[in-house]
Amino acid sequence: MSRVQLALNVDDIDEAVAFYSQLFQAEPAKRRPGYANFALDEPALKLVLIENPGHGGSLNHLGVEVGSTDEVVAATRRLVEAGLPAEVEDGTTCCYALQDKVWATGPGGEKWEVYTVLADAGVELEGKTLAEVGDMPAAAVSTAVPGGSACCAG
C-alpha cells in the first residue's frame, strides 16, 4: 500500500499529538522526542509532526510512502525520464527510520520524497548511510532516537 505523507512543523509536539489524535481518532504509530507520526489507513495518510518552535503550521516536506525499494527505483526512473531532477538517498536514516528514497522539488520549492522504510533507526544511525554504518549490530537499528532528524529539520 502506498500513502501520501504530509510532514508539518509544529510549535508544541504534545499539543499537536493531542489534536491530531482527536481529529483522526488514532494514536501515533511512532513517538519520539520532538517527533510523531500517524500511519492512517483512512484516509491513506502518513502524517508526520516535527517540533520546530516558531515555525508551527508550516509545511516541512511532502512524500509518498511505498512498500519496497523496487518502487522507489521505479519512481526514480519515472522522474528522470520526465526530465525532473532527482536526488537519490539509498540506505539513509531520516525521520527515525532507515530508508531508501528519492527527492524531487516542486515548482514552488516544495520538497517531495518517495520512500520506503527499511527499519527503525537508533541514534547511532541517524544521518548515516548504509556504507557508513558498516557492520553495526542489528540491535542498534531498533533503538529510540532522541532529538530531531537532520533530514526533516526544515
Side-chain angles (χ1 to χ4, degrees), residues 1-10 13 16 20 24 26 28-32 34-52 54-154:
M1 170 179 112
S2 61
R3 66 177 131 220
V4 172
Q5 174 184 280
L6 172 61
L8 299 176
N9 292 312
V10 299
I13 193 69
Y20 287 106
F24 292 115
K30 184 183 290 184
R31 181 77 194 266
R32 303 287 189 268
Y35 176 91
N37 78 44
F38 292 80
L40 305 170
D41 292 329
E42 189 58 42
L45 173 68
K46 176 68 101 31
L47 176 66
V48 176
L49 305 174
I50 300 166
E51 193 167 49
N52 196 352
H55 299 282
S58 64
L59 180 65
N60 188 284
H61 67 279
L62 301 157
V64 178
E65 180 183 27
V66 296
S68 71
T69 296
D70 289 343
E71 291 174 88
V72 174
V73 170
T76 302
R77 286 187 183 131
R78 183 176 47 78
L79 292 169
V80 170
E81 287 171 4
L84 299 174
E87 181 184 338
V88 174
E89 293 182 11
D90 288 333
T92 190
T93 51
C94 180
C95 293
Y96 301 92
L98 185 62
Q99 303 176 350
D100 283 341
K101 66 173 67 188
V102 61
W103 289 94
T105 302
E110 63 278 9
K111 296 284 286 185
W112 277 91
E113 65 176 332
V114 177
Y115 71 99
T116 190
V117 173
L118 305 171
D120 277 346
V123 69
E124 327 52 61
L125 301 180
E126 192 65 21
K128 294 185 169 111
T129 65
L130 281 177
E132 293 167 329
V133 170
D135 295 325
M136 289 186 75
V141 177
S142 62
T143 59
V145 181
S149 171
C151 69
C152 303

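- Scanning all heavy atoms of the two residues, the minimum distance from Val102 to Val72 falls at N-CG1, 4.0 Å.
- Under the 4.5 Å side-chain criterion, counting only non-hydrogen atoms from C-beta, Thr69 is in contact with Leu118.
- For the pair Leu79/Trp112, no side-chain contact is recorded, criterion being any heavy-atom separation below 4.5 Å from C-beta on.
- Distance check, rounded to the nearest 0.5 Å: CD of Glu110 to CG of Asn60 gives 13.0 Å.
- For Asn52 (side chain) and Val10 (main-chain N/O), no donor-acceptor pair under 3.5 Å exists by modelled atom type.
- In this structure, the side chains of Gln99 and Glu65 stay at 4.5 Å or more apart for every pair of heavy atoms.
- Between Thr92 and Lys101 the shortest side-chain heavy-atom distance falls below 4.5 Å.
- Side-chain atoms of Leu84 and Arg78, non-hydrogen and from C-beta on, never get closer than 4.5 Å to each other.
- The minimum heavy-atom distance between Arg3 and Asp41, with the atom names listed, is NH1-OD1, 3.8 Å.
- When all heavy atoms of Leu49 and Phe38 are compared, the pair lying nearest together is CD1-CE1, 3.9 Å.
- Residues meeting the side-chain contact (heavy atoms from CB on, under 4.5 Å) test with Gln5, sequence neighbours left out: Ala7, Lys46, Val48, His61, Glu113, Tyr115.
- Contact detail for Ser2 and Ala44: the closest heavy-atom pair is O-CB, 4.4 Å.
- Between the CG atom of Leu47 and the CG atom of Leu6 there is a distance of 5.5 Å, given to the nearest 0.5 Å.
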- Message: Between Leu59 and Lys111, does the side-chain contact (heavy atoms from CB on, under 4.5 Å) criterion hold? Intermediate values first, please.
- Response: CA-CA 9 Å; Leu59 180 65; Lys111 296 284 286 185; over 6 Å; no
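- Taking 4.5 Å as the limit, every side-chain heavy atom of Val114 sits out of range of all side-chain heavy atoms of Glu71.
- Nearest heavy-atom pair, Lys30 versus Ala97, reported as atom, atom and distance to 0.1 Å: NZ-CB, 3.9 Å.
- Contact detail for Arg31 and Ala36: the closest heavy-atom pair is CD-CB, 3.7 Å.
- Judged by distance alone, the side chain of Glu87 and the main-chain N or O of Trp103 form no donor-acceptor pair under 3.5 Å.
- Side-chain contact check for Pro43 versus Phe24: some heavy-atom pair is nearer than 4.5 Å.
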